[in-house]
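Read through the structure below, which is laid out as structure tokens, and then see the notes.
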Amino acid sequence: MPELPEVETIRRALVEPLTGRRILLAELRLPRLLLGFPAADFSAKLKGQKIRAVIRRGKYLVLELDKYALIVHLGMTGQLTAASRDATENPNFHKTVTGLQKPVGVHPVDKHTHLILHLDQGGRLLFRDPRTFGKLVLVPGHKWREHPRLSKLGPEPLEMKIAEVVPTFPKDSIRPVKALLLDQEFLAGVGNIYADEALFLAGIHPRRKVKTLKPAEKTVLLKAVQSVLRKGIKYQGTTFSDYRKPDGGKGGNYERLMVYGRGGMPCRICGTTLHKTVVAQRGTVFCPLCQPLASPRKKPV
Ligand SMILES: [Zn+2]
């Protein structure tokens with residue numbers, strides 16, 4: 001699932017091709033992906049609207065238009081690509097491929113292309129989502145931050161002040177710390193990949209109970225979250241299956257992950273075999289040596 005670094009990579013790549021462009025035609029091909037707005041009115045409302053800004057909040061991408069905001073959540077397999085109307089099709093997409101063999105490049109319009117924004121100057125924005133867990137929300141005006149899906153989001157990890165977030169760890173919680181990192185009301189934008197990576201970098205076991213974390217560990221963990229997210233953005237996101245940049249290319253962070261997707265392989269730091277387990281109903285990989293379950297104790301004098 002695209003997380004903060006993937007959505008931010010998409011946002012950065014869409015600013016130039018989308019900002020200032022006018023929507024000539026909005027072609028919604030799977031109306032059930034649109035929430036909170038009558039699909040029958042969608043095209044009429046978007047026609048003629050200019051795209052004013054491309055913004056990210058957590059894992060959400062927001063297109064601010066003249067009179068509306070279009071909120072996009074990519075779900076599990078959503079892809080947003082920018083392609084000119086006369087872009088040539090990549091013939092590799094017509095071969096049967098699976099998993100990691102999926103070709104790169106802008107995918108031609110097919111049965112999984114659920115929204116096409118036709119823009120002036122010959123541009124198009126394509127939203128493609130094979131598993132259809134993605135969501136589109138159209139809200140009038142620019143008060144999208146008040147929409148129920150976004151109003152409760154926690155702080156932006158790359159903009160937060162760590163000293164202000166440390167006291168927001170619930171003090172009596174017996175939840176595993178990984179569950180807290182995945183909680184979008186605690187922090188916005190962290191998902192399974194970057195939660196595992198941050199816990200590894202911080203040397204904290206994913207099953208540690210939140211109430212056992214010391215303030216210094218919370219600080220280390222939040223710094224680790226920022227570090228792995230920045231690295232993810234630097235390498236333009238993690239592609240192990242469906243995530244694509246707006247030019248259709250893959251992100252470069254997959255090969256650089258320390259633990260996620262590496263269960264059974266040796267730890268890159270100590271060589272111990274990485275364990276794969278389930279925490280907070282999510283597949284979780286950690287190093288049993290680098291991330292001990294017991295909280296560190298002072299040695300007896
Ligand atoms: Zn290790």
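One-based numbering, in listed order, for ligands and for the atoms of each. The residues of the chain are indexed from 1 along the displayed sequence.
For Tyr68, there are no ring-ring contact (aromatic ring centres under 6.0 Å, His included) partners, not counting sequence neighbours. With sequence neighbours left out, the ring-ring contact (aromatic ring centres under 6.0 Å, His included) criterion links His114 to no other residue.
Formation of a donor-acceptor pair under 3.5 Å by the Thr19 side chain with backbone atoms of Glu16 is not found in this model. Under a 3.5 Å cut-off, the side chain of Arg244 and the backbone N or O of Gly251 do not form any donor-acceptor pair.
Within the structure, the salt bridge (charged side-chain N to carboxylate O under 4.0 Å, His left out) test picks out no pair touching residues 130-148 (sequence neighbours left out).
Between Asp120 and Lys50 there is no salt bridge, since none of the side-chain N atoms of the basic residue sits less than 4.0 Å from a carboxylate O of the acidic one.
If you count the protein N, O or S atoms nearer to the Zn ion (ligand 1) than 2.8 Å, you get 4.
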